[in-house]
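Values below: all heavy atoms of this structure, side chains included; hydrogens, waters and symmetry mates excluded. Each chain gets a letter, A, B and so on, in the order its sequence line appears, and its residues count up from 1.
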Amino acid sequence: MGFFDTLARWLGMKKKEVNVICVGLDNSGKTTIINQLKPQNAQQSDIVPTIGFTVEKFASASLSFTVFDMSGQGRYRNLWEHYYKDAQAIIFVIDSSDKLRMVVAKDELEQLLNNQDILSKRIPILFYANKMDMKESLSAVKVSQMMGLETIKDKPWHICASNAITGEGLPEGVEWVTDQIRSMKK
Amino acid sequence: MLGLRRDKKDEEDGFSLNPFNNLEKTSVLQEARTFNETPINPRKCCHILTKVLYLINQGEHIATTEATETFFAMTKLFQSQDVTLRRMVYLTIKEMADIAEDVIIVTSSLTKDMTGKEDMYRAAAIRALCRITDSTMLQSIERYMKQAIVDRNPSVSSAALTSSLHLMRSSGDVVKRWVNEATEAASSDNIMVQYHAVGVLYHIKKTDRLGVSKLVSKFTKQSLRSPYAYCLLIRIATKLLEEESEGRDSPLFDFIETCLRHKSELVIYEAAHAIVNMPNTSARELAPAISVLQLFCSSPKPTLRFAAVRTLNKVAMKHPAAVAACNLDLENLITDVNRSIATLAITTLLKTGSESSVDRLMKQISTFMSEISDEFKIVVVQAIRSLCLKFPRKHGVLMSFLASMLRDENSSNSSQGGFDYKRAIVDSLIGIIEENPEAKEAGLAHLCEFIEDCEHTVLATRILHLLGREGPRTPSPSKYIRFIYNRVILENAAVRAAAVSALAKFGAHCEELMPSVVVLLSRSLLDTDDEVRDRATFYLNVLKQSNKALNSAYILNGLNVSVVGLERALHSYTQEPSETQFDMKSVPLATQPLAEQKAGARIFGAEGLHGAEVTPAAKAPDKVAATRQDIYAEQLAAIPEFQGLGPLFKSSAAVQLTESETEYVVRCIKHTFTNHIVFQFDCTNTLNDQILENVTVQMEPTEGFEVLSYVPAASLPYGQPGITYTCVTLPEDDPTSVIGTFSNTLKFLVKDCDPNTGEPDEEGYEDEYVLEDVEVTIADHIQKVLKPNFAASWDEVGEDYQMEDTYALSTVKTLEDAVKNIVDHMGMQPCERSDKVPADKSAHTLFLAGVYRGGHDVLVRARLAVDDGVTMQITVRSTDETAAEVISASVG
Ligand SMILES: Nc1nc2c(ncn2[C@@H]2O[C@H](COP(=O)(O)OP(=O)(O)OP(=O)(O)O)[C@@H](O)[C@H]2O)c(=O)[nH]1
Ligand SMILES: [Mg+2]
């Protein structure tokens with residue numbers, strides 16, 4: 001918890017808590033992204049493939065996030081749905097340098113959108129076109145085309161290119177989510 | 001028991017102390033959905049988890065889908081930072097690991113907690129993690145486990161070590177790789193960590209004898225801080241000594257002996273306990289251990305006094321002289337305020353004392369019999385039983401003491417309890433009767449009195465069975481009839497049936513009682529119970545024939561077939577209707593159930609050191625279990641080559657055909673059929689760089705025998721036992737030549753393989769390996785059968801085929817040796833306890849019974865006499881001429 005968090009508490013202004021689920025194929029960089037978003041002192045130095053899930057916390061200017069960082073390996077993907085129900089936003093991470101598996105990512109996205117718990121909700125979805133630093137990586141626009149994002153009509157969505165190692169592009173996404181959630185409350 | 005009783009009382013009082021008493025599964029699982037709600041209320045969730053845990057521990061069955069749903073809801077609690085809640089979550093994970101699906105979902109969350117900063121989480125997270133991890137997942141957490149084992153925090157290190165022990169069972173190979181970390185932990189300053197580390201090291205090396213002895217010698221030199229670790233080392237050292245049957249000059253024994261001077265009482269006791277329980281210890285080796293126990297006897301700490309006297313009690317029969325040295329101290333303990341200690345002291349004195357002290361001690365103990373628990377009363381009963389063996393002349397006093405214990409128990413309280421205690425008394429009385437013919441009449445009288453008022457059906461039926469067997473052969477059999485007939489009038493169906501059988505035996509054995517037994521039995525013809533009625537009808541009809549042979553075969557001696565086998569044979573007979581009658585000879589005979597001994601489990605399992613070795617199979621099967629031979633019969637019947645061989649007659653014990661440490665380990669079991677013998681070879685390949693294929697054992701038989709077929713083992717990978725069979729035809733032209741020697745060669749195709757992957761080469765080459773010879777002896781053709789009433793059987797078989805001969809046995813000197821040799825050679829069942837030779841007798845008669853291959857009864861009577869060597873007059877009777885000839889030929 002950063003300085004602001006404690007100060008805010010001290011002033012009696014507790015930040016609003018939101019639950020987010022972070023999904024995407026294995027090796028796309030989910031855990032690395034979330035680690036980057038955490039306060040410096042809580043960051044981990046080495047990141048290994050996730051088995052199952054972990055719960056992490058980080059804060060934006062006005063919200064306090066609880067993120068379920070899911071494992072992206074094939075055998076665990078069917079477990080994502082157990083955590084959809086109480087999610088208020090979805091972060092979907094795509095490895096923009098992995099053209100080969102883009103269709104797999106697309107397929108998983110479709111399954112997610114067709115899930116009963118998601119179908120009925122106007123839940124914001126943030127896409128990170130991650131690993132933008134890689135030579136062969138595709139642009140955010142190209143990724144969005146390949147993933148067929150334009151067909152999502154009933155939910156707000158946003159895509160931004162990111163580099164989880166340096167943190168580039170991450171704040172833009174978090175700001176967008178924050179805005180979406182705050183506007184929904186109104 | 002206690003718990004149940006209290007619950008009942010509470011219900012009666014109309015209130016309950018247990019707030020979880022009336023939990024309902026469905027509503028609790030409903031409540032568990034609260035876990036999905038945010039924000040989380042830790043207090044409330046803790047309470048719900050407690051309920052879930054309570055239900056699981058009460059044995060409530062939760063279906064997989066329900067359990068999985070609850071489990072996933074629970075995983076959401078990981079978002080709370082509440083320490084208490086998190087620890088409840090760990091507990092729930094462990095309890096639900098086997099009933100919910102996909103529990104590995106919490107793996108990363110637990111790894112995070114185990115490596116995180118919150119010390120309160122780390123140890124518990126390790127335990128939960130190891131519980132949900134299988135060998136495929138273990139790779140991914142291996143790194144963390146290694147770190148945790150050497151962690152500075154002792155609770156983390158201990159948790160990692162004990163979890164390693166549990167993982168040993170499923171993933172031994174992975175845990176073996178942690179040996180360096182465990183070794184480092186073994187030098188920890190923390191006594192628990194050190195203890196657990198030594199335990200893990202031992203289990204890693206357990207199968208490697210050299211490794212274990214190196215381990216022990218290393219730790220015995222570098223002195224350990226932890227007394228627990230010392231105790232463990234003592235147990236390991238004892239086991240090694242036992243296995244290697246090393247002499248007492250071994251450094252292992254020296255180590256145990258030095259532990260007698262350790263500063264911790266725990267270690268001292270462990271060492272003394274180990275020494276006094278070792279086989280073949282000399283008086284000089286025992287003395288220091290006994291004197292330690294003696295010292296403990298006068299300790300102010302009741303636990304030490306208890307431990308010491310209990311140990312002395314256990315070994316009193318083995319080392320009477322050594323234990324007698326503590327008599328004075330034991331006398332002092334007779335008045336110990338702790339009655340358990342007092343009981344053990346008295347019974348120890350009884351075991352070691354002289355005949356003259358028996359009366360005094362018995363009087364002493366009777367003053368507080370009513371104050372001690374059943375468990376200790378049983379100790380007293382057992383002491384009395386061994387006293388009877390030691391001082392046969394005292395049987396009068398001792399048996400009436402036992403009988404009065406029974407009487408007091410019956411009159412004092414009417415509770416359901418006390419069954420084990422009564423059974424111990426009845427067992428002892430029966431044991432005494434069987435050991436000592438002079439005690440028979442008095443003993444039977446006590447038992448008759450007991451069944452007049454006995455609420456335990458099992459005990460009543462056992463006693464009735466004994467009365468039926470022994471009563472008719474006493475000088476005045478008629479006096480038992482009244483007791484038995486009372487049971488027919490007063491008891492439940494099971495007891496009535498047993499009583500009817502007992503009555504029939506009196507009728508069959510004693511001609512003068514026959515008419516009155518017939519009258520009594522005919523009264524049961526209208527019994528309300530089928531079984532009782534059937535038995536009465538059957539026995540009446542047999543008795544009315546007045547035929548001794550029938551009496552013997554159907555009343556006095558009964559059937560000797562395997563119940564499982566009979567059921568199977570009858571079933572297949574009804575499946576395929578045929579004109580021919582059912583042939584009783586096609587049913588396999590009853591054999592003794594296979595008593596598996598798990599000696600190794602004792603040290604670390606049963607004594608509760610490490611759960612890893614507890615064997616679930618420890619319960620003795622009381623029911624009609626399939627015997628070893630029933631299992632073989634089933635296995636052999638499944639092999640097409642052996643289809644036409646008929647019923648399996650006998651399976652021998654296994655014989656080793658190789659030394660134990662060779663490349664290939666082979667043992668042989670001989671299965672005798674009507675005209676064939678199937679040799680079963682259990683082979684193990686101990687070379688990890690070879691796979692053997694098409695494995696057979698080529699046999700060179702003695703003349704007359706012919707190899708009929710081989711059933712090869714297709715493949716023998718490293719360490720996995722395989723079976724190959726060789727089937728041999730018995731000599732056809734001469735039915736009396738039945739014994740022989742076979743030389744054997746293991747033949748196979750070798751393929752070299754990679755020891756790590758087990759991947760074999762394409763090409764192989766033929767090779768062979770010479771095994772030791774196998775003997776077929778007379779015992780392979782005879783099945784043991786017990787004839788409870790030998791004399792009746794002897795008359796029943798008759799003199800038609802009788803052979804008689806007299807021999808001088810020059811090499812044996814005593815009757816005991818002669819009896820033992822004859823029994824071993826013939827492989828027949830001693831009857832009428834005639835294998836026990838009474839002390840200081842110069843003549844003895846041995847009765848043996850068996851069934852010869854093909855289903856023919858064989859009886860042997862061997863009259864023995866000693867004078868400067870033993871002379872034997874042997875008489876063989878059989879229902880078959882060949883059988884009689886073969887048996888008597890095997891003697892000369
Ligand atoms: N070059 C580059 N590498 C990245 C970036 N983000 C993540 N990685 C690397 O990609 C690998 C996988 O990252 P993770 O964060 O473990 O991926 P994940 O999506 O959590 O994978 P699972 O937990 O298996 O589902 C790691 O070696 C990261 O260092 C990025 O933006 N650029
Ligand atoms: Mg991850």
query: Side chain, backbone, both or neither: which part of B:T111 has a heavy atom under 4.5 Å from chain A?
result: neither

query: Based on non-hydrogen pairs under 4.5 Å, which of A:Q44, A:R75, A:E56 is most in contact with chain B?
result: A:E56

field: Test item: A:F53 and B:S108 side chains (from C-beta on) under 4.5 Å apart, heavy atoms
entry: no

task: Report yes if the side chains of B:I105 and A:Y83 come closer than 4.5 Å at any heavy-atom pair, otherwise no.
output: yes

field: Atom pair CD/CZ of A:E81 and B:F72 - distance to nearest 0.5 Å
entry: 9.0 Å

Partner chain B: residue of A:N78, A:T50, A:D69, A:T54 with the largest heavy-atom pair count (under 4.5 Å): A:T54

query: What part of A:T66 gets closer than 4.5 Å to chain B, counting heavy atoms only: side chain, backbone, both or neither?
result: side chain

- line: Applying a strict 4.5 Å limit to non-hydrogen atoms, the region of A:Y76 in contact with chain B is side chain

Distance, nearest 0.5 Å, that separates CD of B:E37 from CG of A:D86: 9.5 Å

- line: side-chain contact (heavy atoms from CB on, under 4.5 Å) with A:V55: of B:Q79, B:K76, B:Q81, only one passes, and it is B:Q79

query: What's the spacing between A:L79 CG and B:D102 CG if we round to 0.5 Å?
result: 5.0 Å

NE2 on A:H82 to CZ on B:F71, rounded to 0.5 Å: 10.5 Å

message: If you define the side chain from C-beta out and look only at heavy atoms, does anything of B:Y144 sit under 4.5 Å from A:V48?
response: yes

